[in-house]
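Have a look at the structure below, then the notes.
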Amino acid sequence: QVLTAPLGDLLNFAINLCILVCFSSGPIRVRFLMDLTDSVSDYPSIIEEKSPTTKHPFLPDRICFENDGHALPQLLLLREMGLFSLSGPRRDHEERQSRRVLRQISAERLVSVLKERRTLPHVERTDKLFASGWLDEDRVIYGTKCNQLVVWDVPAQTLTNVPLPGRFEGEPVPHDSCGIHFIEQDERLLVTGAKNPSDIAVFEASSLRPALLLQGHLDWTFSAQIIAPDRLVSCARDCMVKLWDISSIEETGVQTRAPLLSRKEHTRKVRDMKFNATTNRLATVSADNYVKIWDPTSMSVTTAVALPRFAELVCMAVDKAHDLIAVGSQHSTALVDPRAGAMVHVVRSNDTDWGIRSVNFNGNLLSIGGGMGHLSFFDLRTGKYVNLREVRPGEPWLTAGSGWLERDAAYYTHFAHMDVPNAIYTHEYSPSGNKLFIGGGPLMLGLKGAYGAIWT
């Protein structure tokens, strides 16, 4: 960095660092700028803020440099020099900033070393994994097309079925069930599909005890989001978005509740929704080729973004740090800026016409799961896919394993002559960001099969 940074900037850095060491008697707080709009240079970015109790006439209020991927060595260096402190009223903020820096570095390094380490046991009992989440670093919970909710204890390699609440005792799963398409959770609750695919089941997160059964949608429920400790929103194939009360949960039994209000702002089925707590915005995507931005306080649409050239809009992810929305379709992923109310970029699919089936953000990387079983990583800063061939042998993307496929009459009649890949319907990072769960199954209608694995 000494060889590449401009001489004047290096001198300014050295002078200001000397002033910091000599004049600052209080703890010095350091945080790193991690913003998509930051330009990339050859030396780290630091903002220094004095302790509120210390005021020196020669100490500048801010020292600002640009940021690049060398933040971790710089952070460790500053800590060893005693210039990195997490004491004082800004401690929580600085801890979040530090964790963000470390997670971003981890995300960038992770894709180059990811390997399939553990595969789902007894996968032949399952038909297509549609949704997933992490209960902790060792346990994954997933939902399937055959309407099962299962907890996988990875170290123990055990599977535990979670009973779904129904409208009445012994209610059967409907023959036309779409399965479980979403798993939403916070520290208190876990929300997913119920035995009837039009209903919503709310569990206590700690014990996975069913507490609420939300009834009101007239067709399959595709997604739900917790927007406040006592409020939930959902969307379904009936074109409706509904608001629910999830407060005052009783200690025993399952309460049945109706929606507080309903809104019909889409003309076709609403396939997915995501909530950004940082900006207090809710986004929905529909088969009517619109992404709509909602004010969750009034449950009204504030912005409608048309995506007329995109077929099969099926999945969505929100980058809360950069306030960006990714929408997966048959041919590509559209990036939507809710502030501008417009699509700002199109990421072409690596799975040709097999469709985008899942999208996720991790730092500055957008991960895209496709119908051909490819998991690709798009770098938001460079505007290009990460080419994994540059750091590891093989393909420029990750590929889902073989999993399990039922070779029945439909398979031998229509698909025996071809390799059947496992579409990546869901992929979720662990709480630490160091593990990745990938789940899916065959994309072809009529085929039964499943894939699930931990990549680390």
Side-chain angles (χ1 to χ4, degrees), residues 31-40 67 69 71 96-111 132-134 182-186 223 225-227 271-285 291-294 296 302-303 305 307 310 313-329 332-349 356-370 375-386 424 426-434 436-437:
R31 68 180 177 89
F32 293 85
L33 298 177
M34 300 295 295
D35 191 271
L36 184 62
T37 58
D38 285 353
S39 59
V40 178
N67 191 286
R96 288 194 300 270
Q97 290 291 100
S98 301
R99 285 195 298 267
R100 185 180 172 191
V101 171
L102 296 174
R103 183 165 183 133
Q104 172 59 35
I105 296 169
S106 174
E108 294 173 0
R109 304 294 186 267
L110 183 67
V111 296
S132 64
W134 289 79
F182 67 95
I183 294 176
E184 164 72 354
Q185 59 185 316
D186 62 9
S223 187
Q225 292 282 287
I226 299 171
I227 61 172
R271 289 302 307 265
D272 204 356
M273 64 171 22
K274 288 293 182 288
F275 175 62
N276 188 343
T278 304
T279 60
N280 196 37
R281 291 194 190 101
L282 178 71
T284 56
V285 61
V291 171
K292 297 199 173 182
I293 313 301
W294 299 64
T302 59
T303 308
V305 182
L307 302 175
F310 293 81
L313 300 176
V314 296
C315 56
M316 170 184 284
V318 169
D319 182 355
K320 298 179 180 180
H322 301 129
D323 197 9
L324 198 63
I325 300 171
V327 181
S329 69
S332 56
T333 302
L335 297 181
V336 175
D337 185 346
R339 296 163 296 184
M343 182 182 68
V344 294
H345 195 74
V346 176
V347 183
R348 296 298 175 187
S349 172
I356 306 299
R357 299 298 158 181
S358 59
V359 287
N360 214 327
F361 285 99
N362 190 18
N364 288 323
L365 296 180
L366 169 65
S367 49
I368 302 173
L375 185 64
S376 307
F377 299 90
F378 184 82
D379 194 323
L380 298 172
R381 296 162 304 177
T382 63
K384 298 186 298 183
Y385 278 111
V386 177
I424 299 179
T426 178
H427 65 280
E428 292 289 338
Y429 294 92
S430 67
S432 68
N434 295 326
L436 181 63
F437 175 76

May I ask you to test the [X]-[Y] pair for a side-chain heavy-atom distance under 4.5 Å?
| X | Y | value |
| --- | --- | --- |
| T279 | P338 | no |
| R339 | R281 | yes |
| T333 | L366 | yes |
| V336 | V344 | no |
| L375 | L436 | yes |
| L380 | L365 | no |
| L307 | L313 | yes |
| S367 | N362 | no |

Just do the side-chain contact (heavy atoms from CB on, under 4.5 Å) check on F310 and S332 with the steps written out, would you?
-> CA-CA 8 Å; F310 293 81; S332 56; 3.1 Å; yes
Fit a plane to each ring of Y385 and F378, take the angle between them on a 0 to 90° scale, and name the class: parallel (under 30°), tilted (30 to 60°) or perpendicular (over 60°).
->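 Correct class here is perpendicular.
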Nearest 0.5 angstrom please: [X] [atom1] to [Y] [atom2], how far?
| X | Y | atom1 | atom2 | result |
| --- | --- | --- | --- | --- |
| N276 | L324 | CG | CG | 10.5 Å |
| K274 | C315 | NZ | SG | 8.5 Å |
| H322 | R381 | NE2 | CZ | 9.0 Å |

Is it the case that D272 and S223 place a side-chain donor and acceptor less than 3.5 Å from each other?
->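 Yes - a donor-acceptor pair under 3.5 Å links their side chains.
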Does any N or O in the side chain of E428 come within less than 3.5 Å of the main-chain N or O of W134, such that one atom is a donor and the other an acceptor?
->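 It does not hold such a pair.
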Exam field: side chain Q225 to backbone F275, donor-acceptor pair closer than 3.5 Å |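 At least one qualifying donor-acceptor pair exists.
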Heavy-atom pair of closest approach, residues [X] and [Y]:
| X | Y | value |
| --- | --- | --- |
| A334 | M343 | CB-SD, 3.7 Å |
| I293 | A283 | CD1-CB, 4.0 Å |
| M316 | I325 | CG-CG2, 4.0 Å |
| H427 | N360 | O-ND2, 2.9 Å |
| R357 | I424 | CB-O, 3.2 Å |
| P296 | L282 | CD-N, 4.3 Å |

Show the numbers, then the answer: is there a side-chain hydrogen bond (donor to acceptor under 3.5 Å, both in side chains) between W294 and T284?
-> CA-CA 8 Å; W294 299 64; T284 56; 2.9 Å; yes
What's the verdict on side-chain contact (heavy atoms from CB on, under 4.5 Å) for I368 and F377, showing C-alpha distance, side-chain angles and the deciding distance?
-> CA-CA 6 Å; I368 302 173; F377 299 90; over 6 Å; no
